[in-house]
Amino acid sequence: MAAPVISVEQVSKKFLISHEAPERYKSLRDVIANNAKKLVGKSNRNGHLSREEFFALQDVSFDIHQGDRVGIIGRNGAGKSTLLKILSRITEPSQGRIRIRGRVASLLEVGTGFHPELTGRENIFLNGAILGMSRVEIRKKFDEIVAFAEVEKFLDTPVKRYSSGMYVRLAFAVAAHLEPEILVVDEVLAVGDAQFQKKCLGKMEDVSKNEGRTVLFVSHNMGVIAQLCNKGVMLSKGKVEYEGNIKNAIDKYIFSALEAEVYQPKPSNKSNYFSKIYTTSENGEIVSDFPFDEHIVLNFEFNLQQQVNDLVVGIGLNDKYNNRVFTVFQDVSYFSQGNGSFLGKLTLPKQLIAPNMYSWDCAIWVPGSDIYDMPRGICPIKIHDNGTDLARFEGTDYGNIILQPTWSRG
Amino acid sequence: MQDELIIEPGKAEKNYWADLWRFRELFYILSWRDIKVRYKQTVVGAAWGLVRPLLTMLIFTFVFGKVANLEVKGGAPYPIIVFAGLLPWQFFSAALTEASNSLIGNTNLITKIYFPRLIIPASAIIVSLVDFAISFGLLLAVMIFYQYLPPIQILMLPVFIVLAFLVAFGAGLYITALNVKYRDFRYIIPFIVQFGLYVTPVGYSSTVIAEKYGEQARFWYSMNPVVGVIDGFRWCITGEPIYVPGLLLSIVVCFIFLWLGIWYFRKTEKSFADNI
């Protein structure tokens with residue numbers, strides 16, 4: 001196998017957090033004052049000016065090969081941006097070493113260095129130079145950039161008079177026409193209107209898949225990552241949690257979400273009631289975030305103290321506007337015999353519930369008669385798009401279920 | 001095999017000067033941007049470069065020449081003598097001010113893109129150099145007005161322009177690097193500039209120092225590197241004899257500053273993106 005184009009070897013980045021001074025910069029007065037305090041002594045010893053080391057990245061290692069399209073994912077604060085900054089040489093690592101073979105262009109922001117007073121034409125040259133293109137290169141691509149951005153008419157207008165959409169289009173157009181061997185991109189696709197986003201994605205796909213360039217891509221949009229990347233690095237609290245196949249990385253990411261809510265009511269004098277309700281993945285982990293193509297399992301524990309005939313468990317799923325998506329029933333006798341505590345499970349098919357947020361209503365009752373217990377709006381879940389065709393429309397409402405229909409011609 | 005880049009703590013040093021060369025295009029374009037932006041949306045545009053020195057010269061001529069009666073020896077008319085001192089001083093103070101704020105003003109670039117940071121204060125100083133060129137044109141006009149012919153040393157003037165640039169660059173680098181960490185310096189700069197006007201022979205000639213306090217004093221007075229620059233300008237333009245030991249001291253101090261500026265800038269540069 002060829003040598004990796006990027007090899008990251010045990011890279012760490014350490015920040016010192018000073019607990020006393022939350023400001024971004026120090027002022028000379030503070031420094032003098034603190035030094036004076038130190039001279040006087042004592043007062044300082046008891047951690048008055050305590051400083052804490054914080055590792056934004058810790059022993060991060062991975063390799064990237066020619067033509068890999070790597071998605072870097074992780075929760076906020078996992079160290080993704082720091083990693084990109086180190087790779088683009090904006091900051092230095094505190095430890096470790098990175099070898100890069102090839103020209104890197106990094107796109108950590110759309111329109112870096114754009115100056116509002118300058119015209120579109122001038123900004124193309126400025127931004128191009130900032131991103132590392134030579135003047136000759138920019139001139140060669142100029143028409144292409146302008147056409148891509150669709151701003152022909154406003155080329156000689158200062159960009160401060162551009163609409164924000166035009167601004168972003170122009171900025172992305174310049175970036176999209178970079179031709180580095182390695183492209184590092186940070187969450188820049190979340191810009192512009194849906195149509196332009198689609199165009200950008202298309203361009204990104206083009207660059208990575210067809211031209212065989214190495215791309216590192218950070219985004220929170222799992223659907224887009226799944227479409228664009230073939231490898232994934234998942235970071236968690238500054239460490240590499242998973243490295244490899246993109247699908248596994250995304251599933252890991254989704255399941256690593258914040259704590260799932262477990263419904264556990266306070267003791268009451270109800271006779272038949274739910275004692276615990278929670279959602280799990282197929283293999284039993286308590287989670288609230290699910291990839292689209294995984295089973296969702298609702299676990300409900302209930303307690304029976306009083307025998308009633310025709311007792312039924314009903315479960316409903318509500319969408320984020322609290323409209324019912326579906327309702328299902330089952331006789332309580334299916335799960336239980338006599339009084340006591342019982343566990344029931346409801347498993348939803350994969351690839352049915354559309355990516356979005358939902359919550360549950362549960363009930364124990366006798367149809368047409370008494371309701372014994374009915375917790376509502378509990379155990380919210382979130383279904384994530386990990387690569388459906390609808391991923392690029394993330395944010396638009398395309399319903400609560402996704403079908404695999406049969407199409408035919410008449 | 002393509003060139004291999006190794007990122008390690010403290011590794012940036014090695015390729016630094018090569019990188020500076022590789023990024024020269026960025027340097028041109030940033031300077032061009034600063035110049036362009038400077039005179040956009042101003043009514044009289046580049047004329048500001050003329051108005052400021054012209055007004056200052058008039059006031060100086062009036063206050064020092066007529067009111068305070070600080071006449072200077074030498075063949076040249078007083079306004080030209082003032083102008084010869086004013087020119088490098090205004091360049092120096094403008095360059096220092098621009099350079100010291102340049103990094104802060106380009107925070108978005110520093111936190112998003114890699115390039116040798118030295119480019120930013122350098123391009124800020126280039127802008128002041130353009131203003132300097134405009135003012136210099138004005139000086140020529142004044143000379144024509146007085147029908148004054150400068151001595152042959154005028155050919156040495158570029159040397160002193162370079163010296164002026166180096167003085168401003170050294171001090172500018174040092175202060176801009178400090179400014180990233182301690183924002184106090186943005187308040188200190190105007191003070192330095194204001195104060196400097198009086199300890200620099202702009203409205204008077206440095207021979208005055210020698211007359212009043214002796215040769216010794218004039219020598220130590222040249223610790224201020226701008227003194228050497230201004231004396232040099234006067235020598236070239238008005239033919240006022242130059243005081244060589246003082247000039248040499250100024251040059252030495254200039255290079256110490258330059259070395260200190262580059263050293264400190266390089267030392268702190270790596271953490272700019274973290275601190276700014």
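Numbered from 1 within each chain, the chains take letters A, B, ... in sequence-line order.
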Listed partners of A/R97 passing side chain to side chain contact (heavy atoms under 4.5 Å, CB included), at least two apart: A/E9, A/R99, B/I6, B/E8
Is B/L178 close to chain A through its backbone or its side chain, or both, or neither, when contacts mean heavy atoms under 4.5 Å? neither
Determine whether a donor-acceptor pair (N or O, by modelled atom type, separation under 3.5 Å) exists between the side chain of B/R266 and the backbone of B/W263. no
Of the backbone (N, CA, C, O) and the side chain (C-beta and beyond), which part of B/F23 lies under 4.5 Å from a heavy atom of chain A, both, or neither? neither
Criterion side-chain contact (heavy atoms from CB on, under 4.5 Å) against B/I120, the qualifying member of B/D34, B/T176, B/L103, B/I125: B/L103
Got a sec, which pairs hit salt bridge (Lys or Arg N to Asp or Glu O under 4.0 Å) with one end in residues 121-130 of chain A, sequence neighbours left out? A/R121-A/D156, A/E122-B/K36, A/E122-B/K40
Portion of A/S81 that has a non-hydrogen atom of chain B nearer than 4.5 angstrom: neither
Establish, for the pair A/K13 and A/F15, whether the NZ or CZ atom is under 6.0 angstrom from the six-membered ring centre and no further than 45 degrees off its axis. yes
Which atoms of A/L87 are under 4.5 Å from chain B, going by heavy atoms: the side chain, the backbone, both sets, or neither? backbone
By a 4.5 Å heavy-atom criterion (distance strictly below it), what part of A/S88 contacts chain B: side chain, backbone, both, or neither? backbone
Heavy-atom proximity to chain B below 4.5 Å, by part of A/F125: both
